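All values reported here derive from a predicted model rather than from experimental measurement. One-based numbering along the sequence shown.
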Amino acid sequence: MTEIERHSYDVVVIGAGGAGLRAAIEARLLGKRTAIVCKSLFGKAHTVMAEGGAAAAMGNVNSKDNWQVHFRDTNRGGKFLNNWRMTELHAKEAPDRVWELETYGALFDRTPDGRISQRNFGGHEYPRLAHVGDRTGLEIIRTLQQQIVSLQQDDLRDHRDAEGMIKVFAETTITSLLKDGDRMSGAVGYTRENGTFVVFEAPAVILATGGIGKSYKVTSNSWEYTGDGHALAMKAGATLLNMEFVQFHPTGMVWPPSVKGILVTESVRGDGGVLKNSEGKRFMFDYVPAVFRKQYAETEEEADGWYDDPSGNRRPPELLPRDEVARAINSEVKAGRGSPSGGVFLDIASRLPAESIRKKLPSMYHQFTELADVDITAQPMEVGPTCHYVMGGVEVDPDTAAAVVPGLFAAGEVSGGMHGSNRLGGNSLSDLLVFGRRAGEGASAYVDALGSARPAVTDLDVEDAHRAAEAPLTTSGGENPYAIHADLQQTMNDLVGIIRTASELEEALGRLEELKARVKKVSVVGNKVFNPGWHLALDLPNMIIVSECIARSALMREESRGGHTRDDFPAMSAEWRKVNLVCRPAGDGVEVTRQPLLPMPPELLSLFDREELNKYMTDEELAILPPETEREKSPEMSQVNSEETKA
């Protein structure tokens with residue numbers, strides 16, 4: 001058998017972004033020997049690119065905010081397809097996770113009286129995003145990374161081994177998960193620098209690998225986001241939930257072409273920026289859906305007044321949920337009212353003093369100055385939709401983050417259910433913290449329950465994984481992986497993008513079958529020493545699996561909801577809202593089945609007005625609600641009603 005580096009741990013965390021690091025910290029605090037495996041350099045996870053803030057109902061800027069309102073906003077944003085238990089846990093626990101970061105050393109911006117500052121964001125009723133300028137993700141990663149180092153220093157002091165309880169394996173890619181019967185037993189991967197194969201023996205594996213954006217041509221996502229965790233989970237027997245819901249962030253850079261898709265934070269709009277078309281019109285007033293009409297301003301005067309007096313005015317339509325804004329921009333461009341570079345204009349220059357812009361949005365100022373030769377304090381930005389986030393992911397238990405495969409856990413963007421059909425900005429960073437911690441806790445409890453009866457890793461399984469990973473290096477005369485990747489990205493961009501139709505989705509599935517055959521014959525030149533072509537060849541099957549899940553689910557869901565828009569089925573359907581779509585492996589492809597959505601209990605449904613619920617739910621679902629007078633007596637509803645009366 002080939003010589004392979006071996007390691008034994010209690011918990012292996014795959015991914016070193018916010019979810020992975022928080023999971024690893026929790027597992028280590030609970031006494032588990034923990035490995036952190038990251039595809040890139042430690043500290044370089046995609047979380048660093050999250051800019052605006054972490055959503056948590058701390059009430060620091062507006063005391064009316066509370067977990068019930070955050071819960072309500074999150075389910076509204078997800079068009080009521082969210083897993084209600086996940087949104088409940090998230091809304092209740094997010095403040096503690098943010099305050100906890102402060103105890104780790106995070107340096108948040110402050111209010112005048114010294115509390116953590118919170119800013120406005122799309123879809124959130126109150127200022128709720130705890131932030132560090134527009135570099136919040138970077139601060140979170142820096143803080144969690146430093147906490148890992150602090151724990152290692154404790155271990156050096158107490159056990160004379162800094163890496164005895166928690167160790168980071170940087171620039172290491174996992175290619176296969178290992179099982180003993182139906183239980184997880186570990187993972188196999190390789191070091192990107194020299195190609196050395198590594199096996200991790202562990203009864204618990206936590207996936208925290210992020211998203212799938214590199215399957216698309218225009219994306220805000222970093223190079224690591226090739227759907228590894230989604231594909232690894234599915235190949236191990238886990239299920240993927242609601243993969244049709246892909247979020248296109250409304251504002252990515254559109255110029256120059258070399259940086260097309262790089263994110264322009266929603267903070268620009270939260271701090272007063274407005275969207276205009278080529279005619280200079282603030283067009284978002286024309287795109288407020290009926291379900292949101294009561295919450296959003298109808299005139300520019302009212303919208304502008306909201307920034308200084310949110311109690312006396314309704315929100316600007318630029319702060320609608322991301323799916324609504326992205327579709328509106330797409331419509332303006334298609335109607336011929338776009339910017340010269342194929343987007344629209346985002347104007348903060350005419351709204352705030354230059355000094356204030358540089359202070360509030362330092363990263364955006366630097367990004368546009370350096371990359372586009374645009375001074376955002378003096379002229380508008382050109383922006384357009386970019387593939388940003390996948391709401392679908394590994395189906396998990398909300399309380400423990402456990403997948404259906406014993407010993408497998410998932411947290412962050414790789415998991416599904418929390419965000420329903422559309423994620424609100426800022427919820428991703430608090431999601432990472434809340435469910436990262438729960439994944440670490442769940443994995444630790446699972447290991448404790450096993451006792452000494454640990455699953456085993458067989459040499460045969462390791463050798464099979466090794467052979468599959470080396471196949472592109474030993475195949476001759478096959479296709480270049482870069483050509484296949486370009487065709488995959490073009491297919492997804494053209495046929496499975498913001499607006500979808502049955503005929504285009506069927507065409508996409510046909511092309512994916514061709515790509516599937518081509519990728520089996522892919523070949524790369526050179527050896528295993530830092531070979532980017534080889535790395536891409538191993539990422540391609542994961543991207544194709546995930547792309548097929550998205551396309552098949554999008555074809556099956558015959559309605560438009562959140563991040564999924566069918567031009568041939570433009571309306572939301574109350575019947576389809578009750579359905580989750582679940583992807584499973586089927587031979588060489590993917591099978592999609594329907595699964596009932598777990599109904600929200602009456603006490604949580606009562607947090608919403610019946611008039612609003614009528615727009616989303618069937619009469620049968622609403623029959624469980626108590627009469628209006630009874631609802632008003634509930635403590636939760638009384639609190640919310642009291643706050644709205646004050647507002």
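Within a 6.0 Å radius of CG in Asp619, other residues, nucleotides and ligands contribute 12 heavy atoms or fewer. Other residues, nucleotides and ligands place more than 12 heavy atoms under 6.0 Å from the NZ atom of Lys578.
Between Glu395 and Arg584 no salt bridge is recorded (no basic side-chain N to carboxylate O distance below 4.0 Å). The existence of a salt bridge linking Lys79 and Asp323 is confirmed by a sub-4.0 Å separation between a basic side-chain nitrogen and an acidic carboxylate oxygen. Here Glu244 pairs with Arg557 in a salt bridge; the nearest charged N to carboxylate O distance falls below 4.0 Å. A salt bridge is defined here as a Lys NZ or Arg NE, NH1 or NH2 lying under 4.0 Å from an Asp or Glu carboxylate O, and Lys294 with Asp609 fails to meet this definition. Taking a cutoff of 4.0 Å between a charged side-chain nitrogen and a carboxylate oxygen, Glu298 and Arg314 qualify as a salt bridge. Under a 4.0 Å N-O distance rule, the pair Arg322/Glu266 qualifies as a salt bridge. Classification of Arg327 and Glu324 as a salt-bridged pair holds, one side-chain N sitting under 4.0 Å from a carboxylate O.
Rounding to the nearest 0.5 angstrom, the gap separating the NE2 atom in His124 from the CZ atom in Arg72 is 13.5 Å. Glu506 contributes atom CD, which lies 11.5 Å from atom CG of Leu495 (distance to the nearest 0.5 angstrom). Once rounded to the nearest 0.5 Å, the distance linking CG of Asn542 with CE of Met234 reads 11.0 Å. Rounded to the nearest 0.5 Å, atoms CG (Asn120) and CG (Leu129) are 9.0 Å apart. Here CD of Glu441 is found 12.0 Å from CZ of Phe435. Values are rounded to the nearest 0.5 Å. Rounding to the nearest 0.5 angstrom, the gap separating the CG atom in Asp399 from the CZ atom in Arg85 is 4.0 Å.
Residues Thr87 and Asn75 bring a donor and an acceptor atom of their side chains to less than 3.5 Å of each other. Side-chain contact check for Gln247 and Asn422: at least one donor-acceptor pair (N or O, by modelled atom type) lies under 3.5 Å. Side chain to side chain, Glu224 and Ser222 meet the donor-acceptor criterion of an N or O pair below 3.5 Å. Using a 3.5 Å distance cut-off with no hydrogens or angles, the side chains of Thr74 and Asn427 do pair a donor with an acceptor.
Residues Asp304 and Thr299 form no side-chain contact, since every pair of their non-hydrogen atoms from C-beta on lies 4.5 Å or further apart. In this structure, Glu612 and Arg76 have side chains that are in contact, with non-hydrogen atoms separated by less than 4.5 Å. Contact annotation: the side chain of Met253 approaches that of Val264 to within less than 4.5 Å [non-hydrogen atoms, C-beta and beyond]. Residues Arg577 and Met572 have side chains not in contact (no heavy-atom distance under 4.5 Å, counting atoms from C-beta outward). Between Thr251 and Val268 the shortest side-chain heavy-atom distance does not fall below 4.5 Å. Side-chain contact between Phe283 and Ile329 is present, with heavy atoms from C-beta onward closer than 4.5 Å.
Taking the six-membered ring for Trp and thresholds of 30 and 60 degrees, His564 and Phe245 have ring planes more than 60 degrees apart, a perpendicular arrangement.
Residues Val246 and Met243 approach most closely at CG2-O, 4.0 Å, considering heavy atoms. Contact detail for His131 and Thr136: the closest heavy-atom pair is CA-OG1, 3.5 Å. Taking each heavy atom of Gly252 and Thr386 in turn, the nearest pair found is CA-CG2, 3.8 Å. Here the shortest heavy-atom pairing between Phe409 and Thr400 reads CD2-O, 3.4 Å. Taking both residues in full, the closest heavy atoms of Leu424 and Asp73 are given as CD1-O, 3.3 Å, listed atom of the first, atom of the second, then distance. Closest non-hydrogen pair, Arg566 versus Ala502, comes out as NH2-CB, 3.5 Å.
Proximity of a side-chain donor or acceptor of Ser63 to a complementary backbone N or O of Gly59 within less than 3.5 Å is not detected. The closest donor-acceptor contact from the side chain of Glu332 to the backbone of Asn277 lies at 3.5 Å or more, if one exists at all. Between the side chain of Trp84 and the backbone N or O of Pro599 there is at least one donor-acceptor pair closer than 3.5 Å. For Ser339 (side chain) and Phe345 (main-chain N/O), no donor-acceptor pair under 3.5 Å exists by modelled atom type. Listed for the Arg594 side chain is no donor-acceptor partner under 3.5 Å among the backbone atoms of Trp576. Distance alone, capped at 3.5 Å, places no donor-acceptor pair between the Gln595 side chain and the Val582 backbone. Counting only distance, with no hydrogens or angles, the side chain of Ser415 and the backbone of Gly412 share a donor-acceptor pair below 3.5 Å. Distance alone, capped at 3.5 Å, places no donor-acceptor pair between the Asp134 side chain and the Gly52 backbone. Without hydrogens or angle criteria, Arg128 side chain to Val61 main chain gives no donor-acceptor distance under 3.5 Å. In this structure, Arg500 contributes its side chain and Leu505 its backbone to no donor-acceptor pair below 3.5 Å.
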Show, in sequence, the C-alpha distance, side-chain angles and deciding distance for Phe121 and Arg269, and conclude whether the side-chain contact (heavy atoms from CB on, under 4.5 Å) test is met.
CA-CA 8 Å; Phe121 239 53; Arg269 286 173 283 136; over 6 Å; no
Go through the steps for Asp96 and Arg437 under the test salt bridge (Lys or Arg N to Asp or Glu O under 4.0 Å), then give the verdict.
CA-CA 11 Å; Asp96 285 340; Arg437 173 185 168 274; over 6 Å; no
Evaluate Ser547 against Val496 for side-chain contact (heavy atoms from CB on, under 4.5 Å), listing each step before the verdict.
CA-CA 9 Å; Ser547 296; Val496 199; over 6 Å; no
In sequence, state the C-alpha distance, the side-chain angles, and the governing distance for Tyr216 and His388, and then conclude on side-chain contact (heavy atoms from CB on, under 4.5 Å).
CA-CA 10 Å; Tyr216 284 84; His388 182 57; over 6 Å; no
Dump the intermediate steps for side-chain hydrogen bond (donor to acceptor under 3.5 Å, both in side chains) on Ser430 and Arg97, then the final yes or no.
CA-CA 7 Å; Ser430 43; Arg97 300 285 73 78; over 6 Å; no
Evaluation steps, side-chain contact (heavy atoms from CB on, under 4.5 Å), between Val390 and Val546:
CA-CA 10 Å; Val390 60; Val546 167; over 6 Å; no
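In summary, the aromatic rings of Tyr389 and His419 are positioned with their centroids under 6.0 Å apart.
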